Amino acid sequence: MSSPIATISRIGEHEGQSVTVRGWLYNLRESGKLLFPIFRDGTGLIQGVVAKNAVSPEVFDAVKTLTQESSVIVEGKVRADKRAPGGYELDVSSVQVLQKVPDSDPYPISLKEHGVDFLMEHRHLWVRTPRQAAILRVRAEIIRAARDFFDERGFTLTDPPILTPAACEGTTTLFPVDYFEEQAYLTQSGQLYIEATAMALGKVYSFGPTFRAEKSKTRRHLTEFWMVEPEVAYATLDDMMELAEGLLSFLVKRCLDRRRNDLQIIGRDVAKLEKIEPPFPRISYDDAVKMLQEGHQTGALETKFEWGGDLGSPDETYLSSKFEKPVMVHRYPASVKAFYMEPDPQRPDLALCVDVLAPEGYGEIIGGSQRMASYDLLVQRIHEHNLPEEAFKWYLDLRKYGSVPHAGFGMGIERAVAWICGLEHVRETIPFPRMLHRLYP
RNA sequence: UCCUCAGUAGCUCAAUGGCAGAGCAUCCGGCUGUUAACCGGAGGGUUGUAGGUUCGAGUCCUACCUGAGGAGCCA
């Protein structure tokens with residue numbers, strides 16, 4: 001193979017030249033003495049053409065007997081052709097088969113439809129299909145964009161620990177870990193720790209995995225997922241809402257700019273994404289309750305929503321369906337929210353918090369709040385929630401030594417990817433999803 | 001934890017209580033422009049597991065296992 005190695009996504013740069021493509025056989029069609037192998041290299045697909053009278057019998061035979069996903073290095077001349085899916089074809093001159101998938105044990109994932117369980121059981125192979133690869137590229141773009149967003153705004157990345165001594169919020173179920181014969185847990189949020197680094201560096205963020213041992217079985221849940229969490233000293237709830245709408249708009253715009261082709265492969269209606277720009281609608285919890293009660297009267301919602309409760313999944317879906325942009329619901333009753341949230345000075349029964357609900361029924365993708373600044377009130381809340389004060393001693397220190405108003409939020413990467421890609425389920429947004437009843441592969 | 005649904009060929013699915021079937025994949029043959037190619041042929045089965053009803057169970061009943069969707073909780 002003497003010709004230069006080409007990348008399929010940029011094969012057009014080599015039009016008229018002989019190139020080497022290193023990849024796998026995606027599919028093979030034949031018509032008599034013509035073979036149409038389609039190769040993939042991780043960046044795209046290109047159709048090869050092999051005519052029996054144009055190559056040696058060895059080359060023709062080698063391609064003719066190729067099986068799906070066999071690894072091959074092929075050499076050929078790039079030619080523009082309107083009949084080809086990518087616009088270019090490869091006139092194959094030679095082929096080197098690295099490993100042929102045996103006839104006796106063919107590649108399990110065919111080009112036909114498959115069931116969810118089968119695909120999940122073969123996730124290590126499923127990621128090779130063009131649609132899954134496109135989703136993973138969009139995920140990578142969203143992660144890169146999120147980091148760019150915060151880096152460009154003067155935030156410092158500070159990584160919180162993954163092994164923690166106690167629950168951060170004391171609400172959800174944690175995965176226990178034996179830590180040298182001491183009980184430890186996998187983190188469910190880095191928030192408490194980045195509150196500490198925010199007091200050191202001003203504007204910080206974390207990006208890392210989080211773990212929830214909840215027995216949730218829905219299209220929105222994973223037991224292991226990734227979160228981006230900014231935390232800002234001297235910031236208020238309003239600052240956070242502005243930051244959140246800025247972040248989401250930035251992520252969407254970046255995907256439209258750089259991953260439009262992948263969104264097309266996935267089948268995303270990008271017209272809906274084009275509308276995502278600031279400002280986002282802001283509604284108070286009180287307003288949300290009114291809307292939900294109207295929804296019940298018109299028959300759109302089964303149960304009547306009473307003031308004081310947390311929003312359920314159908315409630316979130318209903319609210320978000322009323323807007324084309326993400327909607328920010330703020331100031332929930334303090335009783336349904338976490339212990340560390342600052343009360344609204346106008347109405348102390350409310351928490352200065354916000355949930356951002358993505359449109360098209362994707363539900364909550366961001367949750368944030370202004371954090372409690374008062375030492376005494378925080379101690380009181382820790383007791384009210386029956387949390388061990390000893391474990392929060394260091395956290396209380398932050399209120400003892402130069403306490404300031406501060407705020408932050410967390411965005412679930414997988415939910416954001418699911419929304420931007422328009423997916424039915426978050427399990428397709430991460431290479432190897434961890435769910436209830438799913439630890440393999 | 002609760003509710004609903006589903007387990008039949010490697011995959012996707014059929015089969016009124018009466019002989020276990022099709023498409024795809026694999027193999028063989030045909031076709032010089034195929035687009036999840038097409039046409040002809042071949043091989044491929046402990047119907048999730050264990051019991052029960054029946055002359056006879058993939059089908060009906062009971063329990064269990066596995067998975068999916070939803071609720072609660074959350075990002």
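As the structure is a computational prediction, the values presented were derived from the model and not from experiment. We name chains A, B, ... by the order of the sequence lines, and we start the count at 1 in each one.
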Legend entry - Reading 5' to 3' through nucleotides 67-72 of chain B, protein heavy-atom contacts under 4.0 Å coded B for base, S for sugar-phosphate only, - for none: SBBBBB
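- Only the C1' atoms considered, B:A36 is 48 Å distant from B:C55, to the nearest whole Å.
- Across B:A22 and B:G44, the matching P atoms stand 13 Å from one another, rounded to whole Å.
- Atom-to-atom, CD of A:Gln188 to P of B:A75 comes out at 9 Å; the value is rounded to the nearest Å.
- Whole-Å rounding puts the A:Leu28 CG to B:G33 C1' distance at 14 Å.
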Legend entry - Verdict with reasoning, A:Arg415 to A:Thr429, per side chain to side chain donor-acceptor pair (under 3.5 Å): CA-CA 8 Å; A:Arg415 287 189 181 175; A:Thr429 65; over 6 Å; no
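- Rounded to whole Å, the separation between the C1' atoms of B:C24 and B:A42 comes to 16 Å.
- If you take atom P in B:C39 and the same atom in B:A25, they sit 11 Å apart, rounded to whole Å.
- By the 30° and 60° cut-offs, the orientation of the rings of A:Tyr332 relative to A:Tyr285 is tilted.
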Inset, instruction - Both distances under 3.5 Å, Watson-Crick or G-U wobble: on that basis, could you give the dot-bracket string for RNA chain B, with [ ] for crossing pairs and | for other-strand partners? - result: (((((((..((((....[..)))).(((((.......))))).....(((((..]....))))))))))))....
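- The CD1-P distance, from A:Ile366 to B:A75, rounds to 11 Å in whole Å.
- The local environment of NZ in A:Lys253 is sparse, with at most 12 non-hydrogen atoms from other residues, nucleotides or ligands closer than 6.0 Å.
- Note: A:His114 and A:Phe118 have parallel aromatic rings, judged against thresholds of 30 and 60 degrees for the angle between ring planes.
- Rounded to a whole angstrom, the distance from the C1' atom of B:A57 to that of B:U47 is 11 Å.
- Under the rule for a side chain to side chain donor-acceptor pair (under 3.5 Å), the partners of A:Thr236 that lie at least two apart in sequence or sit in another chain are A:Asp239.
- Rounded to an integer number of Å, the gap from NE2 of A:His114 to C1' of B:G7 is 18 Å.
- With sequence neighbours excluded, no residue forms a side chain to side chain donor-acceptor pair (under 3.5 Å) with A:Glu316.
- Here the rule is side-chain contact (heavy atoms from CB on, under 4.5 Å) with A:Phe211, and of A:Leu174, A:Ile162, A:Thr173 only A:Ile162 fits it.
- Rounded to an integer number of Å, the gap from A:Glu316 CD to B:A75 C1' is 10 Å.
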Inset, instruction - Summarise protein proximity over nucleotides 24-30 of chain B in one line of letters, 5' to 3': B for base, S for sugar-phosphate only, - for none, counting protein heavy atoms closer than 4.0 Å. - result: S-SS---
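- Residue A:Asn53 is in base contact, counting any heavy-atom pair closer than 4.0 Å across all strands shown.
- Residues forming a salt bridge (charged side-chain N to carboxylate O under 4.0 Å, His left out) with A:Glu384 (at least two apart in sequence, or on another chain): A:Arg381.
- Contact detail for A:Pro37 and A:Val49: the closest heavy-atom pair is CD-N, 4.3 Å.
- Rounded to an integer number of Å, the gap from A:Leu34 CG to B:C38 P is 17 Å.
- Comparing the same atom, P, in B:C19 and in B:U59 gives a spacing of 14 Å after rounding to whole Å.
- Of the charged side-chain nitrogens involved, none lies within less than 4.0 Å of a carboxylate oxygen, so that A:Asp91 and A:Lys77 do not count as a salt-bridged pair.
- Classified by interplanar angle (parallel below 30°, tilted 30° to 60°, perpendicular above 60°), the ring pair A:Phe155/A:Tyr205 is perpendicular.
- One P atom belongs to B:G43, the other to B:C13, and the distance between them is 26 Å to the nearest Å.
- Between B:G21 and B:A14, the two C1' atoms lie 7 Å apart (nearest whole Å).
- A:Glu121 has its CD atom 14 Å from the C1' atom of B:G48, to the nearest Å.
- For the side-chain hydrogen bond (donor to acceptor under 3.5 Å, both in side chains) test with A:Glu89, the passing option among A:Arg79, A:Lys82, A:Arg83 is A:Arg79; the others fail.
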